[in-house]
Amino acid sequence: MSDQHSFETLAIHAGNTADPLTGAVVPPIYQVSTYKQDGVGGLRGGYEYSRSANPTRTALEENLAAIEGGRRGLAFASGLAAEDCLLRTLLHPGAHVVIPNDAYGGTFRLFAKVVERWGVDYSVADTSDPAAVRAAVNDRTKVIWVETPSNPLLGITDIAAVADVARTAGARLVVDNTFASPYLQQPIALGADVVVHSLTKYMGGHSDVVGGALIAADAEIGEQLAYHQNAMGAVAGPFDSWLVLRGIKTLPVRMDRHSENAAKVAELLTRHPKVTQVLYPGLPEHPGHEIAAKQMKAFGGMVSFRVQGGEEAAVEVCNRTELFTLGESLGGVESLVEHPGRMTHASVAGSALEVPADLVRLSVGIESADDLLADLTQALG
């Protein structure tokens, strides 16, 4: 499908070719491990074994490449499986990585507890400051890793500016685009080499699937990633691929509603006397607001805030919500609340990435905004 089509059209049609046998408009779930060959090496459509390729996963991977504006999309069993494949493809013992001072706890754990044992070291930098990123680079730096908006402090990085730093250093720029989704932000167009997604979140959108993705800006990196994907084997299954494909079709309309509701939630929180700080890039006072407005279509559905009374008060807010379900993850149609310090980011305790103890993170869903505001009001007391 032509990349000249609008995002909304690509989300529905890219990779979703009608089934040639029946005409089914939705790609079938090819729940199969192996494929009949027409003589030794006579593959039908290139399929021989579903770790290497599966038609349902192929449909998703073609869709991912189209909506992110990349040359190659690859789907994995989880976001961390995708990250692991990426790091083992681009790095080697002795290499160095620059990582953000505000990153998903699982990403930090992968660097600090797994990749570092392989002989790769890392430096932590405030990626919202290109000069700080430049200062963290050395002659062994192979990857600069960015999350924007970041998890859980909603920091904003100027992707184009850090891409310039990466090019000068001869490093690859990797952007985790999970919080924004490709509907709101296009990192490859801004200079990223590889985009990472937890497909579990906004792309799936319904809290019913776990998956991850890599989208490469050029074919050479795409081929290298595909080789390692097959060699390492943590691929997305056909049913999971089908669920994510279904979710992506409604991504634009969902993200519009997530963003609208989150803006209303953020505005309420800024006026509440028990809230000491609201972290949302859509607020004019957010330090990254201008950059976010430049590189994002809207500001997304994630809001974090800090409360009076410290850690116990933050935990109590999480325990008192009714519509906001207490749970990890994000990006589903239902609203979620969590305490990052004790939940998703417990693994960064004691590190340079440790999050404030009084922080609450919201994944604002697509319910009635009035109902969500009432729930937060009663939870805050």
* Answer whether the closest heavy-atom distance between the side chains of Leu372 and Leu268 falls below 4.5 Å. =>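 They are not in contact (no side-chain heavy atoms under 4.5 Å apart), so the answer is no.
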
* With a 4.5 Å limit on heavy-atom distance, are the side chains of Met232 and Arg88 in contact? ->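 A side-chain contact exists here, since the closest heavy-atom pair is under 4.5 Å.
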
* Atom pair OG1/CE of Thr178 and Met203 - distance to nearest 0.5 Å ->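 Atom-to-atom, Thr178:OG1 and Met203:CE are 8.5 Å apart.
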
* Asked: What is the distance from atom CD of Glu220 to atom CG of Leu225, rounded to the nearest 0.5 Å?
  -> 10.5 Å

* Asked: Under the criterion side chain to side chain donor-acceptor pair (under 3.5 Å), which of Tyr30, Tyr49, Tyr35, Tyr47 is the partner of Asn54?
  ->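 Running side chain to side chain donor-acceptor pair (under 3.5 Å) over Tyr30, Tyr49, Tyr35, Tyr47 with Asn54 returns exactly one hit, Tyr35.
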
Cut-off 3.5 Å, side chains only: do [X] and [Y] have a donor facing an acceptor?
X: Thr34; Y: Glu48; answer: no
X: Glu68; Y: Asn177; answer: yes
X: Glu334; Y: Thr325; answer: no

Is [X] salt-bridged to [Y], cutoff N-O under 4.0 Å?
X: Lys201; Y: Glu328; result: no
X: Asp240; Y: Arg57; result: no
X: Lys264; Y: Glu260; result: no
X: Asp208; Y: Arg246; result: yes
X: Arg71; Y: Asp218; result: no
X: Arg342; Y: Glu311; result: yes
X: Glu267; Y: Arg271; result: yes

* To do: Flag yes if more than 12 heavy atoms outside Gln378 fall under 6.0 Å of its CD atom; otherwise flag no.
  => yes

* Asked: So with a 6.0 Å cut-off around CD of Gln277, is the heavy-atom count from everything else above 12?
  -> yes

* Plane angle bin for Phe111 and Tyr122 - parallel if under 30°, tilted between 30 and 60°, otherwise perpendicular -> tilted

* Angle class for the Tyr280/Phe299 ring planes (parallel below 30°, perpendicular above 60°, tilted otherwise)? ->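 Taking Phe299 first and then Tyr280, their aromatic rings stand perpendicular (interplane angle over 60°).
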
Any chain of hydrophobic side-chain contacts (each under 4.5 Å) joining [X] to [Y]?
X: Tyr227; Y: Leu43; result: no
X: Ile99; Y: Val114; result: yes
X: Val337; Y: Met302; result: no

